[in-house]
Structures are given as C-alpha cells and as structure tokens.
Amino acid sequence: MLIHKPTSSRTGHWGEGITAEDMTALRWVKPKIVVEVSFVEWTLDGLLRHPEFIGVRDDKAPREIRRKPE
C-alpha cells in the first residue's frame with residue numbers, strides 16, 4: 001500500500017502487525033472525509049467488529065471526530 005499524495009507522511013502510530021520492511025513502502029495519510037459506519041462492537045485491540053459502510057458525512061470535519069466513551 002503506497003500512496004503518493006501530498007498529504008501523506010512517513011510517520012504514524014497505527015503500525016501494529018506491520019514489519020519495518022513494510023513500513024519503508026507505506027505512507028500514512030491525513031483524513032480528509034468522514035464516513036459513518038455501523039458495527040457490532042469494538043474489539044479488545046480497538047478495532048471494529050463487522051463494520052459496514054453507511055455513507056459519507058458532509059456535515060462533519062475530520063478534526064471533530066472522536067471515539068465515543070463506552
């Protein structure tokens with residue numbers, strides 16, 4: 001997964017399971033759109049279980065989005 005966009009960078013904190021060799025080819029992108037998803041639950045690893053795309057949210061900016069407290 002190599003992204004050649006001006007908003008990409010070589011750093012990011014979502015690298016679990018990715019090797020150092022993989023990281024040389026990856027670029028982390030900055031969020032530009034917000035989407036709504038439904039899901040069953042959060043896993044213990046902080047991932048979504050069975051996520052489903054609902055749609056794009058034009059009424060929200062990426063900087064406004066935070067995970068809701070459980």
**OP:** Go through the steps to decide whether Val37 and Leu48 satisfy the test side chain to side chain contact (heavy atoms under 4.5 Å, CB included), and finish with yes or no.
**Re:** CA-CA 10 Å; Val37 296; Leu48 300 178; 3.9 Å; yes
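Contact between Pro31 and Pro62 at its shortest, heavy atoms only, is O-CG, 3.7 Å. Heavy atoms only, all atoms of each residue included: Arg66 and Arg63 are closest at NH1-O, 3.2 Å.
Every side-chain hydrogen bond (donor to acceptor under 3.5 Å, both in side chains) that Arg49 has, sequence neighbours left out, goes to Glu41.
At least one side-chain heavy atom of Trp42 sits under 4.5 Å from a side-chain heavy atom of Arg67.
Cluster membership check: Phe53 shares its hydrophobic cluster with Ile33, using side-chain heavy-atom separations under 4.5 Å among Ile, Leu, Val, Met, Phe, Trp and Tyr.
One distance of note links CZ of Phe39 with CG of Leu47; it measures 11.5 Å at 0.5 Å rounding.
The neighbour count for Glu21 CD, taken as heavy atoms of other residues, nucleotides or ligands under 6.0 Å away, does not exceed 12.
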